[in-house]
Amino acid sequence: MKKVLAKILCLSMIALSLASCGGKKNKSKASATAEGEQNLNAGEGDPIAKLDVCIGPSPETMDPQRNSTLDGGTMIMHCFEGLVKYGEDGSILPAMAESWEVSKDKVTWIFTLREGLKWSDGKDLTSDDFVYAFKRLVDPKTAAPYSYDMLNMVAGYEEASHGNLEALQVKATDEKTLVIQLYSPVAYFDKVVAFTSLVPLRKDIIEEKGESWCTDPSSYISNGAYQMSEYVNGDYISLKKNPYYYDADRVTVEELVFHLTGDDNSAYNAYLEGSLDVTNRIPSEEMANLRNSDAFKAYPLLGTSGIVFNTEKPPFNDVKIRKAFALAIDKKHIAETIFEGYRSPAASLVCEGVSDPANGSSFMEKSLKEYKSPFHIDEYEKDLEEAKKLMKEAGYPGGVGFPQVKYLNNAGGANDSIAEYLQSTFKELGVMMEIDTRDWKAVSEAQKTGDFELSRFAWGYDYDEPLQLLNLFRSEDPNNCAHYHNDKYDSLIETATKETDGKKRSKALHKAEQLLLKDLPMVPMVFSKDNYLIRPNLRGVQHLSSGHCYFMYCTKVE
């Protein structure tokens, strides 16, 4: 994204700008939703003294700004809350901010905090706590994985990311007012500030305790529905209701315990034995038997999975080879056989469930209606035949002379079964593929450094926005593990980022997706779903399309 340096306006100038641009407070509908509509099961059942949940192993960190995992994010969002938050239906709801104003050009955003906000130790929470957190997020010393993604659109980011934190144009004009100035218009910025990396933090505690602040319940001072009471690494994290939370009266679970295991069988057995109320750690071999159970819930999840090529390394610097490999994969087989039908085959890149900025309809459906998919999902033999032709055109008829390649994989779930399937199907092209299985940390590092040829790829969207996936293939994006470079693509993404007109944004985004489907730096195979086992008498689990869950509003019925 091209950065254009902008200076923050003084408060009087901001007020004038907002008035002249017709900026207004975003209150009415959002506030009404926050008062009860979000809890779709309000009034059903009884409050819960203790809820036992397993969504994964020990989090890599409980620091909101250093976390990069979905399960860690869910744990954190029960303790911390930002200016706004996501509703179960994807809407943006008031949270720490009771209202916000946006200039007509979408460049100046002013958030007004609620009256009487407190931290879990009873101290006042002010807009300065947000300023500290935003600057800590951009600070290169923090090494926050989401620093660029969440703040690159804020004026002064470029300079702040190199150490001059005061350059970041996030200002507290008084204890209740936070002003954020962007480089250029970003129509979806409210979705950005709802993310868990942008919650307020306590400067005094973090500076005193250092990195250990987030593992000690005495220093894990939070502002959300819960405060940490126990943290036993590798075993459990216990959260107790925060009496200072502004919405504490609506929190129906007194104690929320996250049991920490990454072993699907252990979590499943614990659920069967009754020591867990909720888990999403389900052995794949049990899925077929569980799908018709009252306890089984399949939630839509914004996510695209497939394989990614290192486009800078032979043989995958040749688009014909990439397309041949893409067409050789039977996506329907992976979705319906390997995943037992709890994934959807991907005919496009941006997954189902993502809204089109033109009119709020399905981005995927518009893609498939207006553009032809490069894949024949229901006629795989056609794709395989075309793949063999492309191999011949690239100089490798029947795979003759093609080098043996390595597929970088991380074990777990269906990953190994998919790797074995790919190994088998690429043989149809005359290609020998070695499976190189490592732990996720090693896989992630190899993708960043380019030390791979082709690899497993999976991306969960943090919010409902096509750029959540499409941004990953910009030349300058730190998550561009395909090492893909295309000036035309970069220009389309820049247009889609700055454009505030929905129809024009939509056009640029679809053109960008089609360019990716032509160049194929990655191959989409399946779209995600999130599967849970939930006690049938439990009500009020709120699953967001990002994959995060709210458990604080759960109740039980007899």
Side-chain angles (χ1 to χ4, degrees), residues 1-4 68 84 86 90 92 102 106-107 109 145-154 157 182-198 301-306 308 346 348-367 371 457-482 484-517 519 521-522 524 527-528 544-547:
M1 186 187 302
K2 185 178 180 182
K3 318 287 194 310
V4 180
S68 64
V84 297
Y86 306 116
I92 298 298
V102 189
K106 299 292 192 293
V107 168
W109 294 66
Y146 281 112
S147 170
Y148 180 85
D149 295 287
M150 298 297 141
L151 291 180
N152 74 84
M153 67 284 290
V154 176
Y157 173 84
L182 308 185
Y183 278 119
S184 55
V186 178
Y188 57 92
F189 188 63
D190 54 347
K191 295 181 181 179
V192 175
V193 292
F195 192 62
T196 51
S197 295
L198 294 175
L301 177 64
L302 302 184
T304 302
S305 299
V308 63
S348 59
L349 279 160
V350 176
C351 70
E352 54 193 353
V354 175
S355 304
D356 194 288
N359 54 14
S361 62
S362 166
F363 188 90
M364 183 195 73
E365 289 178 7
K366 184 174 181 180
S367 291
Y371 302 91
F457 175 91
W459 191 260
Y461 302 45
D462 298 316
Y463 45 85
D464 176 10
E465 166 58 45
L467 282 174
Q468 276 283 288
L469 179 73
L470 300 181
N471 262 338
L472 303 182
F473 300 96
R474 290 182 303 117
S475 298
E476 65 185 278
D477 196 286
N479 292 308
N480 181 3
C481 58
Y484 172 70
H485 305 285
N486 186 312
D487 290 342
K488 184 177 179 181
Y489 183 81
D490 292 344
S491 177
L492 285 167
I493 294 301
E494 183 177 358
T495 298
T497 301
K498 293 181 177 180
E499 182 57 64
T500 58
D501 180 271
K503 290 183 179 179
K504 292 178 181 178
R505 280 199 78 226
S506 175
K507 186 176 181 180
L509 289 164
H510 282 287
K511 282 185 175 181
E513 182 189 40
Q514 293 308 308
L515 189 53
L516 280 187
L517 287 169
D519 288 350
M522 67 86 62
F527 295 144
S528 303
L544 309 184
S545 58
S546 63

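Note that these values count all heavy atoms, side chains included, but never hydrogens, waters or copies made by symmetry. Quick note: residue numbers are just sequence positions, from 1.
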(request) Give a yes or no on whether the ring-centroid distance for F195 and Y463 is below 6.0 angstrom. (result) no
(request) Compute whether any side-chain donor of one residue and acceptor of the other, for K511 and T495, lie under 3.5 angstrom apart. (result) no
(message) Treating T304 as the side-chain partner and L349 as the backbone partner, does any N or O pair qualify as donor plus acceptor under 3.5 Å?
(response) yes
(message) Using modelled atom types and a 3.5 Å cut-off, is there a donor and acceptor pairing between side-chain atoms of W459 and backbone atoms of L302?
(response) no
(request) Quick one: closest heavy-atom pair of A187 and E499, and the distance? (result) CB-O, 4.4 Å
(request) Starting at CG of N480, measure out to NE2 of H485 and round the result to the nearest 0.5 Å. (result) 6.5 Å
(message) Taking CG in N359 as the centre, count heavy atoms belonging to other residues, nucleotides or ligands within less than 6.0 Å. Is the count above 12?
(response) yes
(request) Taking the side chain as every heavy atom from C-beta outward, state whether Y489 and L470 have any pair of such atoms under 4.5 Å apart. (result) yes
(request) Check whether any side-chain heavy atom of N152 sits under 4.5 Å from a side-chain heavy atom of Y183, and report yes or no. (result) no
(request) Indicate yes or no for a side-chain donor-acceptor contact from R505 to the backbone of P357 under 3.5 Å, with no hydrogens or angles considered. (result) no
(request) Examine distances only and state if a side-chain atom of E513 and a backbone atom of V350 form a donor-acceptor pair shorter than 3.5 Å. (result) yes
(request) Report yes if the side chains of S184 and K106 come closer than 4.5 Å at any heavy-atom pair, otherwise no. (result) no
(request) Answer whether the closest heavy-atom distance between the side chains of F363 and S355 falls below 4.5 Å. (result) no
(request) Measure across A512 and I493 and return the closest heavy-atom pair with its distance rounded to 0.1 Å. (result) CB-CD1, 3.8 Å
(request) Give a yes or no on whether the backbone of P521 and the side-chain of D519 come within a donor-acceptor separation of less than 3.5 Å. (result) no
(message) Can you tell me how far apart CG (N486) and CG (L516) are? Round to the nearest 0.5 Å.
(response) 8.5 Å
(message) As an exercise, state the distance from CG of L509 to NZ of K504, rounded to the nearest 0.5 Å.
(response) 14.5 Å
(request) Would you mind checking if R474 and D477 are paired as a salt bridge, meaning a charged N to carboxylate O distance below 4.0 Å? (result) yes
(message) Quick check: do H510 and D356 have side-chain heavy atoms less than 4.5 Å from each other?
(response) yes
